[in-house]
Amino acid sequence: MATYEYVCAECGRFDIRSPIGAARPQLACPTCHADARRVFSPPMLGLLPKPWAALAQQEEQSGDEPAVVSQIPPKAGRTQAAVHPALAQLPRP
């Protein structure tokens, strides 16, 4: 189920929950029964945790303004794994 938003000239905005793709461009207002038109609003990204919201914003921005780099960024916070001693005894090609 998806939430669709409509606006009535008399009563203002109201939401309707209906199956995805089943929203009509106009609907009768539940209060005054006048025609209300469907309006589009941004998704509720304010409810996302801050790291997810920042990632979504960065992803959206990269579509219009991709970051250009001149070299591979360093591996921050990663240490090289220790090599097992048995691997050193394997034959090399």
* To do: Could you grab the distance from atom CD of Gln89 to atom NE2 of His84, nearest 0.5 Å is fine?
  => 10.0 Å
Using a 4.5 Å cut-off between side-chain heavy atoms of Ile, Leu, Val, Met, Phe, Trp and Tyr, which other residues end up in the same hydrophobic cluster as [X]?
{"X": "Tyr6", "result": "Tyr4, Phe14, Ile16, Ile20, Leu27"}
{"X": "Val68", "result": "none"}
{"X": "Met1", "result": "none"}

* **Residue pairs fulfilling salt bridge (Lys or Arg N to Asp or Glu O under 4.0 Å) with at least one residue in residues 24-40, sequence neighbours excluded** =>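 For residues 24-40, and leaving out neighbouring residues, there are no salt bridge (Lys or Arg N to Asp or Glu O under 4.0 Å) pairs at all.
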* Does anything in residues 3-23 pair up under salt bridge (Lys or Arg N to Asp or Glu O under 4.0 Å), and if so which pairs, sequence neighbours excluded? -> Glu5-Arg13
If you compare all heavy atoms of [X] against all heavy atoms of [Y], which two are closest, and at what distance to 0.1 Å?
{"X": "Cys32", "Y": "Cys8", "result": "SG-SG, 3.6 Å"}
{"X": "Ser62", "Y": "Glu59", "result": "OG-O, 2.8 Å"}
{"X": "Cys29", "Y": "Cys11", "result": "SG-SG, 3.8 Å"}

* Asked: Would the number of heavy atoms belonging to other residues, nucleotides or ligands and lying under 6.0 Å from CD of Glu65 be above 12?
  -> no
* **Residues, nucleotides or ligands: over 12 heavy atoms within 6.0 Å of Ile72 CD1** => no
* Residue list, side-chain contact (heavy atoms from CB on, under 4.5 Å) with His33, at least two apart or on another chain -> none
